[in-house]
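Residue numbers begin at 1 in each chain, while the letters A, B, ... track the order of the sequences.
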Amino acid sequence: MSNAVTRFAPSPTGHLHIGGARTALFCWAFAKKLGGRFMIRIEDTDQARSSEASARGILEDLAWLGLEWDDGPALDWHNRTIGGQSRDVGSYYQSKRLPIYNKVVDDMIERGIAYADFTPESELKALRAAAQAANQTFRFHPPADKILSVPHQRERIAKGEPHVVRFRAREEAVSVVDQVLGEVSFSASEVDDFVLRKADGFPTYHFGVVVDDEHMGVTHVLRGQEHLMNTPKHVALQKALGYRTPMYAHMPLIFNDAGAKMSKRERDQTARKAMKDRNITASPVPEIIDNASFSAWLGDTKRQLETGQLEALAAQQSLALPEVSVDDFRRAGYLPGVICNFIALLGWNPGENIEKFDMDFLAKNFNVERIGKSNARFDRKKLLSFNADAIAKLSDEQFLSELRAWAATHAPAELNAFLAGPSATLLAKTFRPRTKTLRDIIAATRFLFTADASYPFDRAAVDKNLLANSNAGLDHLRRMAADFAQLTDAAWTVERLSAYFEEVVAAHKLANAGVLAQPLRVALTGTTVSPGIAETLVLLGRQRSIIRIQRCLLECKG
RNA sequence: GGCCCCGUCGUCUAGCCUGGUCCAGGACACCACCCUUUCACGGUGGGGACAUGGGUUCGAAUCCCAUCGGGGUCACCA
């Protein structure tokens, strides 16, 4: 046991990003390895963007991934509770910790290491613009004589004048020993008089983090490299407040295909580009996205649609959107263990050419020494391969249960009904080796759920497999139809039908069973692609199979 | 632009700290062949990298310097 405490501190402004998931994973693994505690804190200090629904969604994403927290908000998850108040450190929601921050702020003002600043925002903007025009970096760091006396500050605060409270930065360089990057030095000018408390009374990110990490006993901060330049601010604050400085480890970023930080905006960008390429200017799904919002979104590259809207648009347009959030991957039918395995590899590896591992392995073997320094591109093809491998390693029973759990919320009713029926086991056994993500099942089983009278026959498939060589395929079909009519439902099994094909091949000296299978496949599914032909027949059932063959015989004449 | 980080096959990486065992190993992707009842799976094989230029050294992917390239960050967002 150790007293190490790591924390993952998301801001609830959307779904859990895959990069955030990796941060959480590493924090979790680090705590587990050391026998310490893993904590979740919700950084909901942006009143406009934060939502309780999003916080809940993120907690569910974490729980689904298997990243259970020792301390943090309570979440009911599959008949038990994760988290809850287990240490006496107050709320894990920053928005509920305002008195704590205010006490620290008041104290800092009194000590002269923070001050109320009444500069209007418009003025700040102008200063910033001027600095940029002069090709200089804007730093807010007024000389001491420009800062109001403490009583004067108090007086104006008491009058209710709008203001922020700023840190009074000392002019000194800060050096941080990062566990991944080594010693990193920042010059004094990197830390200016940044805001601690916003005009709305909420703490800024920098202030909330520093105060809470101290009060919550956080010992190790593992976070993305995008936070590296925040570190001198945090360390300067810690020093000013007499806090301990936790161990820092900044991990490399996760990149998209374009070689930039992976972001949630990519899905909108992909969809927007497709709309422009296809010259679509009006909403293709007007009942979900009205035309005004659609064109506003189309014209503004910063605008984002809601998840449901984006999904509807993508579905209607047959667009494949890149998965970015944990929820995207979950809906796409990836296994949580695979996601964790894969993202762990983006920045960390156990050495010795080991690539596939589970959560137990991570909890036992994780270490910061093996976190890499360079950014990693997120290769969806490799992830897909990992997922397919993991599914291949599942037993049929495990696969079926994973599939049922996923389908319950992500698949159409017909598939769920089938998965509850007598042929569910056969379906699982049949499709498991051809499944890369659980969602593949939907497309692969579509032929089962279209009406016997309405699935289309692919012209080229009919020509090649039924009509070629003077209707050779149709002749086979006719004979099989007659034979099938003789069979009983009890004989309608994979074993019996496989034997039947062998018998026919031998009796008629056919080249191979494909001569029979392909015409049948076209008759049963309208296409040349399906699982093994015996399995296809059994999945469909004797009656439907015969109906389909008859229909094909009627409709697919030369 | 300032500051900071990074730079091994197309991609993720092992090796780098503690130079020689590396004409650089693995994985995904790609290509070819095999298997085959279509698709998928599976099997075998193949092409493919130390960013560049200088040093140091008997010897450098490994140490040093420079250049180039990529990224991050510069809010009353987090």
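- When the side-chain nitrogen and oxygen atoms of A/R521 are compared with OP1 and OP2 of B/U37, none of them lie within a distance under 4.0 Å.
- Contact between the side-chain N/O atoms of A/K381 and the OP1/OP2 oxygens of B/C28 is not found at any separation under 4.0 Å.
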Quick tally for nucleotides 45-52 of chain B: nucleotides whose base has a protein heavy atom under 4.0 Å get B, sugar-phosphate-only ones S, the rest -, giving --------

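- Taking every side-chain heavy atom of A/S385 into account, B/A29 is the closest of B/U73, B/A29, B/C76.
- Between the side chains of A/N387 and A/T437, no donor-acceptor pair of N or O atoms lies under 3.5 Å.
- The listed nucleotides are B/G1, B/U38, B/C41; the one nearest the side chain of A/T137 is B/G1.
- For the pair A/K261 and B/U73, the criterion of a side-chain N or O lying under 4.0 Å from OP1 or OP2 is met.
- Contacts of residues 187-203 of chain A with RNA chain B (heavy atom under 4.0 Å): A/E190, A/V195, A/K198, A/A199.
- Nucleic acid contact class of A/E226 (heavy atoms, under 4.0 Å, all strands): sugar-phosphate only.
- Using Watson-Crick or G-U wobble geometry with both donor-acceptor distances under 3.5 Å, B/U38 finds no partner in any strand shown.
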For nucleotides 10-14 of chain B, give me every protein contact, N/O to N/O, under 3.5 Å, one pair per line with atom names.
unit_1 : atom_1 : unit_2 : atom_2 : d
B/C12  : OP1    : A/R377 : N      : 3.0
B/C12  : O2     : A/K382 : NZ     : 3.4
B/U13  : O3'    : A/N349 : ND2    : 3.0
B/A14  : OP1    : A/N349 : ND2    : 2.7
B/A14  : O3'    : A/R370 : NH2    : 3.3

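- Residue pairs satisfying the side-chain hydrogen bond (donor to acceptor under 3.5 Å, both in side chains) criterion with at least one member in residues 249-266 of chain A, sequence neighbours excluded, are listed as follows: A/D178-A/H250, A/R223-A/H250, A/T231-A/H250, A/N256-A/E266.
- Relative orientation of the A/F378 and A/F329 rings is tilted, given thresholds of 30° and 60° on the angle between their planes.
- Figure legend. B/C30 is base-paired to B/G46; pairs are counted as Watson-Crick or G-U wobble with both atom distances under 3.5 Å.
- Across all strands shown, the partner of B/U52 is B/A66, judged by Watson-Crick or G-U wobble contacts whose two distances both fall under 3.5 Å.
- Distances from the side chain of A/L181 to the nucleotides B/C6, B/C76, B/U38 place B/C6 closest.
- The aromatic rings of A/F118 and A/H163 lie tilted to each other, with the angle between the two planes from 30° to 60°.
- Judged by distance alone, the side chains of A/T536 and A/S530 do bring a donor and an acceptor atom under 3.5 Å apart.
- Nucleotide B/G2 forms a Watson-Crick or G-U wobble pair with B/U73, both donor-acceptor distances falling under 3.5 Å.
- Rounded to whole Å, the distance from CG on A/D257 to C1' on B/A29 is 12 Å.
- At the heavy-atom level, A/H206 lies under 4.0 Å from base atoms of the strands shown.
- Going from atom NE2 of A/H234 over to atom P of B/C74 covers 11 Å, rounded to whole Å.
- Atom C1' of nucleotide B/C35 and atom CG of A/N512 are separated by 13 Å, given to the nearest angstrom.
- Distance A/R434 CZ to B/C41 P: 10 Å, rounded to the nearest Å.
- Ring pair A/F167/A/F207: centre-to-centre distance not below 6.0 Å.
- Legend: residues meeting side chain to side chain donor-acceptor pair (under 3.5 Å) with A/D212, ordered by chain and number and at least two apart, are A/Q94, A/R97, A/Y101.
- The CG atom of A/L124 sits 7 Å away from the P atom of B/C76 (whole-angstrom rounding).
- The salt bridge (Lys or Arg N to Asp or Glu O under 4.0 Å) search around A/D46 returns A/R49, not counting sequence neighbours.
- Side chain of A/V529, nearest nucleotide from B/C77, B/C6, B/C39: B/C39.
- Side-chain nitrogen and oxygen atoms of A/R166 include at least one within less than 4.0 Å of the OP1 or OP2 phosphate oxygen of B/C76.
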